[in-house]
Amino acid sequence: MLITHDTGCALDTVVALVNSAPQDDGGSAVRGAEADSLTDLAALRAFVRNHEISDVGELTDEDLAAVRRVRGRFTEAFAGTGPAALAELINELVAAAGTTPRLTDHDGYDWHMHYFAPGASVADHLAADCGMALAFFVVAGEQERLRRCEAPDCRRAFVDLSRNRSRRYCDSRTCGNRLHVAAYRARRKEAAG
């Protein structure tokens with residue numbers, strides 16, 4: 001699946017946004033979910049800076065509340081719903097953001113698309129750009145690439161961009177390796193036993 005640079009950035013942003021919320025897995029401990037990481041304006045400013053979200057003015061408490069609401073909606077996109085439900089969710093987010101597609105070449109980047117209206121709030125910016133990035137997966141029939149980590153103690157979101165759609169863990173070096181080592185030790189114990 002061909003992913004342009006700006007779509008890749010929007011995908012990274014939506015995954016980070018979804019993963020900034022504590023993960024709900026029915027009550028057991030989840031890796032990386034100790035607390036909400038978007039609790040105040042300083043955290044929102046850091047998120048905007050770290051993800052190089054452009055055209056964002058002075059952030060307010062209303063922006064923080066709106067971003068948290070958008071985050072909740074994007075969380076639904078990684079719930080494994082069918083294409084019709086995902087399309088409806090994306091359509092709602094993008095329409096509410098008042099999208100205005102336009103070409104831009106700001107900050108040293110080549111020409112690329114922005115979907116948010118000039119002067120849009122940070123929440124509308126995220127809803128429009130990230131919503132459009134997810135829309136490409138629905139159009140391509142690839143919505144199953146929007147996943148949650150299969151490690152029992154981790155439910156972090158990720159986008160599976162592997163060629164054969166086989167990625168199971170948010171990070172193979174941590175979650176994947178931890179499970180493989182545990183399985184190996186269990187086999188060794190059983191063989192010795």
Notebook entry, point to check: Hey, mind stepping through V67 and V70 against side-chain contact (heavy atoms from CB on, under 4.5 Å) and telling me if it holds?
Noted result: CA-CA 5 Å; V67 167; V70 166; 5.6 Å; no
Next item on the list: Run the numbers on M132 and M113 for side-chain contact (heavy atoms from CB on, under 4.5 Å), then give the verdict.
Entry: CA-CA 10 Å; M132 290 304 298; M113 291 296 296; over 6 Å; no
Any side-chain heavy-atom pair of [X] and [Y] under 4.5 Å:
X    : Y    : answer
F136 : I3   : no
Q143 : R145 : no
D55  : F116 : yes
I53  : F47  : yes
L134 : L11  : yes
H112 : H5   : no

Check for a donor-acceptor pair, side chain of [X] on one end and backbone N or O of [Y] on the other, with a separation under 3.5 Å.
X    : Y    : result
T81  : A85  : no
N19  : R156 : no
R71  : V14  : no
R147 : R167 : yes

Notebook entry, point to check: Can a salt bridge be assigned to the pair D61 and R68 using a cut-off of 4.0 Å between side-chain N and carboxylate O?
Noted result: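 Judged by the 4.0 Å cut-off on N to carboxylate O distance, D61 and R68 do not form a salt bridge.
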Notebook entry, point to check: So, R155 and E150, do they make that salt bridge, N to O below 4.0 Å?
Noted result: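 Result for this pair is no, no salt bridge flagged.
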Next item on the list: Would you mind telling me which of V15, V18, L86 makes a side-chain contact (heavy atoms from CB on, under 4.5 Å) with L146?
Entry: L86
Can you name the closest pair of heavy atoms from [X] and [Y] and give their distance?
X    : Y    : value
H51  : D12  : CE1-O, 4.2 Å
F78  : A157 : CD2-CB, 3.7 Å
A10  : D129 : CB-O, 3.7 Å
A120 : H125 : CB-N, 4.4 Å
C175 : Y169 : CB-CB, 4.0 Å
V94  : A128 : CG2-O, 4.3 Å

Notebook entry, point to check: Roughly how far apart are F158 CZ and D171 CG, rounded to 0.5 Å?
Noted result: 10.5 Å
Next item on the list: Starting at CZ of R45, measure out to CG of L64 and round the result to the nearest 0.5 Å.
Entry: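 Going from the CZ atom of R45 to the CG atom of L64 covers 10.0 Å.
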Notebook entry, point to check: Does the pair D63 and T60 meet the rule for a side-chain hydrogen bond (donor to acceptor under 3.5 Å, both in side chains), with working shown?
Noted result: CA-CA 5 Å; D63 289 315; T60 66; 3.3 Å; yes
Note to self: Check this for me: D110, atom CG, are more than 12 non-hydrogen atoms of other residues, nucleotides or ligands nearer than 6.0 Å?
What the structure shows: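 No, because the 6.0 Å sphere around CG of D110 holds 12 heavy atoms or fewer from other groups.
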Note to self: Working note: V48 + L59, criterion side-chain contact (heavy atoms from CB on, under 4.5 Å); need CA distance, chi angles, decisive distance, verdict.
What the structure shows: CA-CA 10 Å; V48 166; L59 297 171; 4.1 Å; yes
Notebook entry, point to check: L38 and L17: side-chain contact (heavy atoms from CB on, under 4.5 Å), yes or no, with the steps?
Noted result: CA-CA 9 Å; L38 276 181; L17 183 62; 3.7 Å; yes
